[in-house]
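Data first, discussion second: the structure below is written as structure tokens.
Residue numbering restarts at 1 for every chain, and letters A, B, ... go by the order of the sequence lines.
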Number of protein chains: 2
Amino acid sequence: MAVKVGQEALKVVKAGEEKAMAEKFVYFFGDGKAEGRGDMKNLLGGKGANLAEMTAIGLPVPPGFTLSTEVCTEFYKNNRQYPAALTAEVNENLRRIEQLMGKRFGDAKNPLLVSVRSGARASMPGMMDTVLNLGLNDSTVQGIIEQSGDPRFAYDAYRRFVQMYSDVVMDMDKEDLDHLMDQMKENRGVRLDTELTAADLKELVGLFKNKIKEVLGRPFPEDPQEQLWGAIGAVFGSWMNPRAKTYRRLNNIPAEWGTAVNVQSMVFGNMGNDCATGVAFTRNPSTGEKVFFGEFLVNAQGEDVVAGIRTPQPINKQQGDGTLPSMEEVMPESYRQLMQIQEVLEKHYRDMQDIEFTIETGKLFMLQTRNGKRTSQAAVKIAVDMVREGLITEKEAVLRIDPQQLDQLLHPSLDPKAPRTLLCKGLPASPGAACGEVVFSAEAAEEAAKIGLKVILVRTETSPEDIHGMHAAQGILTARGGMTSHAAVVARGMGKCCVAGCGDMKVDYKAQQFTTRQGVVISQGDVITLDGSTGEVIQGAVPTVQPELTGEFGQLMQWVDSFRRLKVRTNADTPNDSKVARDFGAEGIGLCRTEHMFFEGERIMAVREMILAADLEGRKRALAKILPMQKGDFLGIFREMKGLPVTIRLLDPPLHEFLPHSEKDLEELAQVMKVSAAALKGKVDFLHEFNPMLGHRGCRLGLTFPEIYDMQVQAIMEAACELVKNEGYLIVPEIMIPLVAHVKELKIMRENAVAVAEEVIGRYGIKIEYLIGTMIELPRAALTADEIAVEADFFSFGTNDLTQTTFGLSRDDAGKFLPFYVEREIFPNDPFVALDQTGVGQLVKMGCEKGRATRPEIKLGICGEHGGEPSSVIFCHQIGLDYVSCSPFRVPIARLAAAHAVLLEEKK
Amino acid sequence: MAVKVGQEALKVVKAGEEKAMAEKFVYFFGDGKAEGRGDMKNLLGGKGANLAEMTAIGLPVPPGFTLSTEVCTEFYKNNRQYPAALTAEVNENLRRIEQLMGKRFGDAKNPLLVSVRSGARASMPGMMDTVLNLGLNDSTVQGIIEQSGDPRFAYDAYRRFVQMYSDVVMDMDKEDLDHLMDQMKENRGVRLDTELTAADLKELVGLFKNKIKEVLGRPFPEDPQEQLWGAIGAVFGSWMNPRAKTYRRLNNIPAEWGTAVNVQSMVFGNMGNDCATGVAFTRNPSTGEKVFFGEFLVNAQGEDVVAGIRTPQPINKQQGDGTLPSMEEVMPESYRQLMQIQEVLEKHYRDMQDIEFTIETGKLFMLQTRNGKRTSQAAVKIAVDMVREGLITEKEAVLRIDPQQLDQLLHPSLDPKAPRTLLCKGLPASPGAACGEVVFSAEAAEEAAKIGLKVILVRTETSPEDIHGMHAAQGILTARGGMTSHAAVVARGMGKCCVAGCGDMKVDYKAQQFTTRQGVVISQGDVITLDGSTGEVIQGAVPTVQPELTGEFGQLMQWVDSFRRLKVRTNADTPNDSKVARDFGAEGIGLCRTEHMFFEGERIMAVREMILAADLEGRKRALAKILPMQKGDFLGIFREMKGLPVTIRLLDPPLHEFLPHSEKDLEELAQVMKVSAAALKGKVDFLHEFNPMLGHRGCRLGLTFPEIYDMQVQAIMEAACELVKNEGYLIVPEIMIPLVAHVKELKIMRENAVAVAEEVIGRYGIKIEYLIGTMIELPRAALTADEIAVEADFFSFGTNDLTQTTFGLSRDDAGKFLPFYVEREIFPNDPFVALDQTGVGQLVKMGCEKGRATRPEIKLGICGEHGGEPSSVIFCHQIGLDYVSCSPFRVPIARLAAAHAVLLEEKK
């Protein structure tokens, strides 16, 4: 595929010619001047835009040019062919580099070598292909030897180029060439690449080329022009490779964005010990501390740092642990210059920067800057610090935090007081805590996750092929690689706990186990715990504690709350959930599911008795037993919510959900209930449903067995009245009738509920308000919301069920095809995760408009799980809901997203 | 209840007074003048309007007045209290009757007696209460004796009045008084009521009154005013009795309509042998023949005919069988007068009339006329005949036929050539054929129907309490009663086969059996067959033949087709279905379900092999076996449809539907497939779904297993190409992708189908058009129809599934509550029978509008079962669909409804 692209690259589409003539496809940068700007990310990609910007603000950037993302788009639109004008533009810009560098591309004396790299709008680390040292062939290598005076360096660069190019562009199996190199080392009796001589490497280049011709049936290209177009084609081609697709899917990046290609003059960090290469962050990306933070390798190419093959040295003394000398010590002048540059960059971009640099014979070059990826904790600290430093506004700080990312902050971390059996220690690459069974491959992780197992993915090192497994795992542990290794960067991006570079352990894939320095053997299936904040790997499971929500986080959330309009409630069924949610800032309960209470402890027996009773009297007897328990639940919840609104949904699931299904359980129940097992089985069978989701549930139960809802309303109202009367609470209970399809259902249920409520109120002799409303969770309810609003004080959009019915998609059964749908981008998102705004959202919007048309003061909320998903929360704001309700841990996410909604509106 | 109403009747609502002053509640008729008119049915009810109209056109009608339906509406609106002005209006109108009749209400010398009857807009035979001879008491009975000179008649009228009034108004148990009468007969040693003397009857009245006071604790009212208001209240009260509610539900009559009450001077058909009473139809209500048709009883009250207690005499010689003398013979002068009147009435009303008359001492009085109920066959014949007679227009004829009623005509009748073991013969009360197991009570009929049994309800006679059982039964057989008995009238209304008055059989409820004159005993559970066209009762099951669709029916359908715009297609899966449908006038196939073919014969094995194959290759091998069979199906269907459009839906149901589920079947399959039963069980279990309706089906299968749809498209296109190439057919196959929720699904499926289709076309080397479209059967598809239309040549609204998803209502599971919903009028209709226009219809309308906005030429149809339901067809016309598609037998119904849609539009 890659080669085909490379060859096709030379063809030019006639059809596109006219359009192309009018457009500019290539943007130059170099020597303090740039045709692009930092705000042209959509066109030039993140890397290209920043190279242009850095150049323009006077930083030392090797000259180069960027093929815009429009080339990529055109390329795919026109069946993988380039715009007509491209060739000429590329050649012209190549000439400008040659002029600035005083070298010539393909020249035998003083050849220009270039790198070819992808660069999309959004950073996609390691996802797409890169080719370095391009322009080398048997003739130009001589020029490099002449210029560098170092034949070993030249042939090392050459053999790297052949390896990289054949892999990336020609689709050659990497192993084939690696094998030749291993053989060579064996023959020479050496262990390290660096021990091979110039002659060895020269011979290796020859062996490589022969092998390539042998395997692929065509020679390695000698012509630098052919090399260049091959590499450009490969980068564009890599936009559609499976790894990139997976990454985009996980990160919601549309395929239409395309990638840019950056062609840049090479600089070498591997020409000797006065050379180096490194990556750094202007602040600590893990904690957010304002400390310059990074790693470098002496005499190395940039890819060596990221690939995690050699363990890099710290960039400064503050950061190191003394075992390896820092750049501050080894190259003090370059370090001083780099410190200045990083300050300039951070002030210029007003955000924490992730930079790449190379030192070629003592001269510092900046290769890249971009907003640095960071942990949630760091993101919050940096944003709040930057407001305090006067760099950004409060609103900017709020917008800087991706609501989804907060999730990481809101989950428990390891209890510091719990005893830990330490196995080994690595780098704290991505914070948080993770616990699970050990697996040793991405495939195993994925398989285990499918059946609900929690696993830790353990690898010597990770590569982009492991992405799907990392996604499936609770946490990642690697033996090699630093804080900027693939595992570390990707895990931080995913908000997953990661311990990287844990040199104390040895992974044996074949035996499916790893061994610690102390000789402890951990096999597949053994449970370990990772502490991403300390880098500790712990045997067994360790208890966790709730996150601290004060400090910078507290400050940020104060700003958030001052900006948002949308209220945020929580879905909570117990006093304990209610408390957690209130601590997270919930402003009420949007959904209290009474059926969860039905399952608890001994109650289930009374519930089963009720269901299986022969007649109304029998049901009433059983309900009388449940009443005081339900009332107790509501007392607890009302107390915990201290007068905040509480919406209680009456019984929703079909009755058979409460019944035992196995023979054994049935027999036990029959004994307890003193009926025959056969009779019980008959009743259970009678209650069986083909499609319980669409069955006898919700208000359909309330209508056919009114005594159940009557009991629940009585319990709610008695609890409320008791607290109002005896403890002086202010409570306005909100009683919610589920699964209404037709206004008549609600009308009858409302009449029943009012009758019971008024009876209770009369009995307590107090004044108390209460609301009666309904879930809008069926398409028909949304479509006829104008009629339904006549009987409803409030609507709560139950978008889980609404999604199921609108798509005709059972959440319980979708596992067999929904992942395929999301992967193939048949659905843009999993509609159970992000609200489908086009379809389901249309119904929600319609429901709001029709509801308000009938009853302008109607309260509108959402209580599906979408209520805690940022894009859905923003949609809820836009269509004018009063509140969203979500699980307790997602309350801060919803609050932040609600603030974003306002700020994004202001931006327009 | 009735008594309470009666007493409340005397109270007057102060609140309503002002409003009532402005309104007129009572309408007088008598002596050739009437305040009402025949077109005031909404206000006066059918009976009242017709009494007014008959009076106005000079027919002999006893004077009276009508309390309008508005009184009923006000009555229920104001908590069962009457408008203030009512009392005065009633008294004033009573006085006008007194003046005309020269009698006085409650007068001891010459008392006026009246009847009090209900009369709703739509006829509801036997549903509501009636009181006759009202005004009798111990004093007025003397006046009647004086006037009639017949104490026995007077006391007989009196005892009847007490019986009727205490039953209807006072809620007395009928049995209590019947028992006293039986005792009296026993004491007197007589068998018939008529053998009791005037003295006996007088004594009986006394006994009755004592018993009433004893049981109810209050006396029988002597005051005629109190009697009158009691009766009026009882009639209004009867509007809400369970029988009436059931009837309204079955006949879609809104509760809001209310009933009128007619108070009319009594005339007596039972004052001697020069008296008679009868009912008649201006044409034969069973066959439609233009023959005056009716029954009468000498010396009887009107209720005696309808109640079916005495077997009545025929009205004319033509009709009788000679065993009983006809009215034409017995009372030739009255008969001549009646013949004239019936001609006047039919010309006046331009429709077949159902009339009631009474002859009092030789003088003919008309008591009622209304459009006569008739069988479908009669309806068609009468409508067509009346066009030929110049009475009505073709459009009127078409509008006269209720499309739903056609159903009766379109089903098979008994094969005249099949041997019949005749059990007995009764009256051919309602035509058609019915076959089923014998049951002896309405309850048993209902129970049996619930579990899917077909039953014949056998009763000595039916009463309104039996309605629900009649509805549940296939046919009704009664031992007593004539062509106008309760059983006959109600069965004709329901379009159910009925044999009535079968005197040859004796029903023994206790033994649960009936015995024929020949001594054959038929017990509960035995199978019999009824021929409603001949009155034959046949032992066992008799084969049936298709209906004749020529003659008047053919003529009517010609007119129908000339008026309608909407095309009518059929849902057919086999060549045989296709043929039946074409004979019924289908203009194409709107839905050909390919999965039905999958079940047939040996195919199911190949299908199972395909489903259980381990990999793609295995599936393809199995599919290759299915391909020629599918192709054969399509060849047959295309041939049968002779170039009419055929829409073929690709595989829709989840795969597990094709798998065996019992242990035994599984083991058998495992043996045939040469795999282990355990492995097979595992695969079957894996395919299990919680909510298959919302599961892995439709295009979700097509996307995950594209080879299945590829095979189907290949089979369709090969069949079409073969016929086009070899037999010169013109075929444009319509390939339909089911269960699309998102345009992307259709886009991919369309691309796949086009690829296969083009390959086949290329192979045959011919030119052929084909369409690719989709079902709109999920709410999301309707909501995003604008996007979906980009990829669809046609939409077919699958309103069955659309109803399930829009309501969140599983058809398979709704049995536990949907009947309750319909009964309680929570849903106005069963939404699976009549399209829910407000909810589901809104989506269909939206789908049409959005689809056309994107693609104005898009073909739009409906293929849910609603496509054959008249109100839904009219809706489809209104929103501009191109066609409806329904089961073959419903095609003529849909055609007629489509014509109605146009004609109703013209009327507006």
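Of the listed residues (B/Gly698, B/Gly839, B/Ala741, B/Ala814), the one with the most heavy-atom contacts under 4.5 Å to chain A is B/Gly839. Most heavy-atom pairs under 4.5 Å with chain B: of the set A/His742, A/Arg700, A/His696, this distinction falls to A/Arg700. Note: A/Thr806 leads A/Thr704, A/Leu739, A/Val740, A/Thr806 in heavy-atom pairs under 4.5 Å with chain B. Comparing A/Asp812, A/Asp801, A/Leu843, A/Leu809 by how many heavy-atom pairs each has under 4.5 Å with chain B, the most go to A/Leu809. Most heavy-atom pairs under 4.5 Å with chain A, from the set B/Ala782, B/Ala781, B/Pro828, B/Pro779: that is B/Pro779. The candidate with the highest count of non-hydrogen atom pairs below 4.5 Å against chain B, out of A/Glu825, A/Glu777, A/Gln804, A/Arg811, is A/Glu825.
Between B/Glu446 and B/Lys450, no side-chain nitrogen of the basic residue sits less than 4.0 Å from a carboxylate oxygen of the acidic one, so the salt-bridge criterion is not met. At a threshold of 4.0 Å, the pair B/Arg649-B/Asp652 counts as salt-bridged, since one of the basic side-chain nitrogens sits closer than that to a carboxylate oxygen.
Of the inter-residue distances, the one linking A/Leu703 atom CG with A/Asn752 atom CG reads 7.5 Å to the nearest 0.5 angstrom.
A/Glu745 and B/Tyr821 share a side-chain donor-acceptor pair at under 3.5 Å.
Interface remark: A/Ile748 contributes side-chain atoms only to the contact with chain B (heavy atom separation under 4.5 Å).
Contacts with chain B (heavy atom to heavy atom, under 4.5 Å) involve these residues of residues 684-694 of chain A, listed by number: A/Phe686, A/Leu687, A/His688, A/Glu689, A/Phe690, A/Asn691, A/Pro692, A/Met693, A/Leu694.
Looking at heavy atoms from C-beta onward, A/Pro653 lies out of side-chain contact with A/Arg697 at the 4.5 angstrom threshold.
In this view, B/Thr799 and B/His866 satisfy the side-chain hydrogen bond (donor to acceptor under 3.5 Å, both in side chains) rule, not counting sequence neighbours. In this view, B/Glu751 and B/Lys747 satisfy the side-chain hydrogen bond (donor to acceptor under 3.5 Å, both in side chains) rule, not counting sequence neighbours. Take A/Thr838 and apply the side chain to side chain contact (heavy atoms under 4.5 Å, CB included) test, not counting sequence neighbours, and it matches A/Asp836, B/Arg780, B/Thr784, B/Glu787.
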Start with the C-alpha distance between B/Phe807 and B/Val840, add both sets of side-chain angles, then the distance that settles side-chain contact (heavy atoms from CB on, under 4.5 Å), and finish with yes or no.
CA-CA 8 Å; B/Phe807 274 86; B/Val840 179; 3.8 Å; yes
